[in-house]
Number of protein chains: 2
Amino acid sequence: MPFRLSTRGHYAVLLMYELARAGDSFCSLADIAGVQKVSPGYLEQIVRPLRDAGLVESRRGFGGGYTLALPPSQITVGNIVRTVEGPVVPVKCAGEGDVPDECPDNCQARRVWRKVGEAIDSVLDSVTLEDLLQE
Amino acid sequence: MPFRLSTRGHYAVLLMYELARAGDSFCSLADIAGVQKVSPGYLEQIVRPLRDAGLVESRRGFGGGYTLALPPSQITVGNIVRTVEGPVVPVKCAGEGDVPDECPDNCQARRVWRKVGEAIDSVLDSVTLEDLLQE
DNA sequence: TACTAATCCTATTATTATAGTAGGATTAGT
DNA sequence: ACTAATCCTACTATAATAATAGGATTAGTA
């Protein structure tokens, strides 16, 4: 199936949604894993880039966990997905910089792939965590 | 990298573009593989669903090959991609029918994934082979 | 001070999907 | 007969995905 989002991006959004629900209080990955039925160890790998990007803050030790570093209205689904998965580029030759060798020279569809990427980003960036909370 | 199109869909569009360029004459996979530097054996697997779906016609034997079964203006990139790769469904729980077990229950983002799928289809369906020829 | 609950960090592994390859059977022009 | 093509099935190598395992560090609490 084309244009699939892996579980990494999927779970990252679930995780951030739970943090948004928790508000200012710190929330442990074990809690989130319990609610969403996902492996805590896997969530650890997913939350790291979000922390490094400054989207969440962490607190170690007893009573620790994670909380949003910004208000839910200032974090979009696009921010989350791109942070854990990288930029949305449907095919390599549609990305920035030189066209890789694997991509045939006369790829007339390159403009189409670029438009697809932009359309995806546009949808992802139009939805904030606050929007998700209000549903 | 999220929302990637595999080479199958990518090559299918290249292949159909070459058939469109060839017009009414039959074109062999070896020819196309030569132009696009892709394995002919792999193209065979890709062209089969296109033939089964009635998008191309084949002729066997000496001088045989493939040709478009419809005018280029009536074949969109979306037709091609969905035929070889299946429907555009970014995450499983955003598809038709019941939500699979793997998808957590409170996946508030499901509507977002659906909108992403629709946006992708919209772009893909807005471009025909004739559009590609005219670039 | 011990205990516990949490983040941190690295490495390993099982499963699946992708991207082919290989080999032969059939068909049809020359 | 020869050749060039589609047809068809099966196999395989590689890479990405989706985790798991095991321990080190940190910070509250009894």
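Chain identifiers are assigned alphabetically (A, B, ...) following the order of the sequence lines, protein sequences preceding nucleic acid strands; residue numbering begins at 1 within each chain. Here the structure is a predicted model, which means the values were calculated and not measured.
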At under 4.0 Å between heavy atoms, what does A:Gly65 touch on the DNA or RNA strands: base, sugar-phosphate, or nothing? sugar-phosphate
Using a distance-only test with no angle check, is there a side-chain donor-acceptor pair under 3.5 angstrom linking A:Ser6 and A:Glu85? yes
Taking 5' to 3' order, which nucleotide of DNA chain D is first and which is last to have an atom within less than 4.0 Å of a heavy atom in chain B? D:dT3 to D:dA10
At their closest point, which heavy atom of A:Leu68 faces which heavy atom of A:Met16, and how far apart are they? CD2-CE, 3.7 Å
What is the distance, rounded to the nearest whole Å, between atom NZ of B:Lys37 and atom P of C:dG20? 15 Å
Dot-bracket for DNA chain C, 5' to 3', with Watson-Crick and G-U pairs under 3.5 Å, [ ] for crossing pairs and | for other-strand pairs: what is it? ||||||||||||||||||||||||||||||
Would you name the heavy atoms of A:Ser25 and A:Ala22 that are closest together and state the gap between them? OG-O, 3.0 Å
B:Ser39 side-chain N/O to C:dA19 phosphate OP1/OP2 under 4.0 Å: no
Write out all pairs satisfying ring pair (Phe, Tyr, Trp, His ring centres under 6.0 Å) with one or both partners inside residues 54-84 of chain A, taking only residues at least two apart or from two chains. none
Nucleotide-resolved protein contact map, nucleotides 10-18 of chain C, B/S/- at heavy-atom distance under 4.0 Å: BB-------
Salt-bridge contact A:Arg21-A:Glu18 (side-chain N to carboxylate O under 4.0 Å): yes
Report which part of the nucleic acid A:Phe26 touches: base, sugar-phosphate, or nothing (heavy-atom distance under 4.0 Å, all strands). nothing
What's the separation between atom CG in A:Leu19 and atom CD1 in A:Ile32, rounded to the nearest 0.5 Å? 4.5 Å
Would you mind listing every salt bridge (Lys or Arg N to Asp or Glu O under 4.0 Å) that reaches into residues 119-133 of chain B, with sequence neighbours excluded? B:Arg82-B:Asp121, B:Arg82-B:Asp125
Take A:Arg51 and A:Gly63, find for each the nucleotide of DNA chain C with the closest heavy atom, and name the residue whose nucleotide sits nearer the 5' end. A:Gly63
Side-chain (B:Ser122) to main-chain (B:Glu118) donor-acceptor, under 3.5 angstrom: no
Specify whether B:Phe3 and B:Trp113 have parallel, tilted or perpendicular ring planes, treating 30° as the upper limit for parallel and 60° as the lower limit for perpendicular. tilted
Nearest heavy-atom pair of A:Ser73 and A:Thr128: which atoms, and what distance? O-CG2, 3.5 Å
Report all side-chain donor-acceptor pairs from residues 38-60 of chain B shorter than 3.5 Å, counting only partners two or more places apart or in another chain.
residue, atom, partner, partner atom, Å
B:Ser39, OG, B:Gly41, N, 3.3
B:Ser39, OG, B:Tyr42, N, 3.0
B:Tyr42, OH, B:Thr7, OG1, 3.1

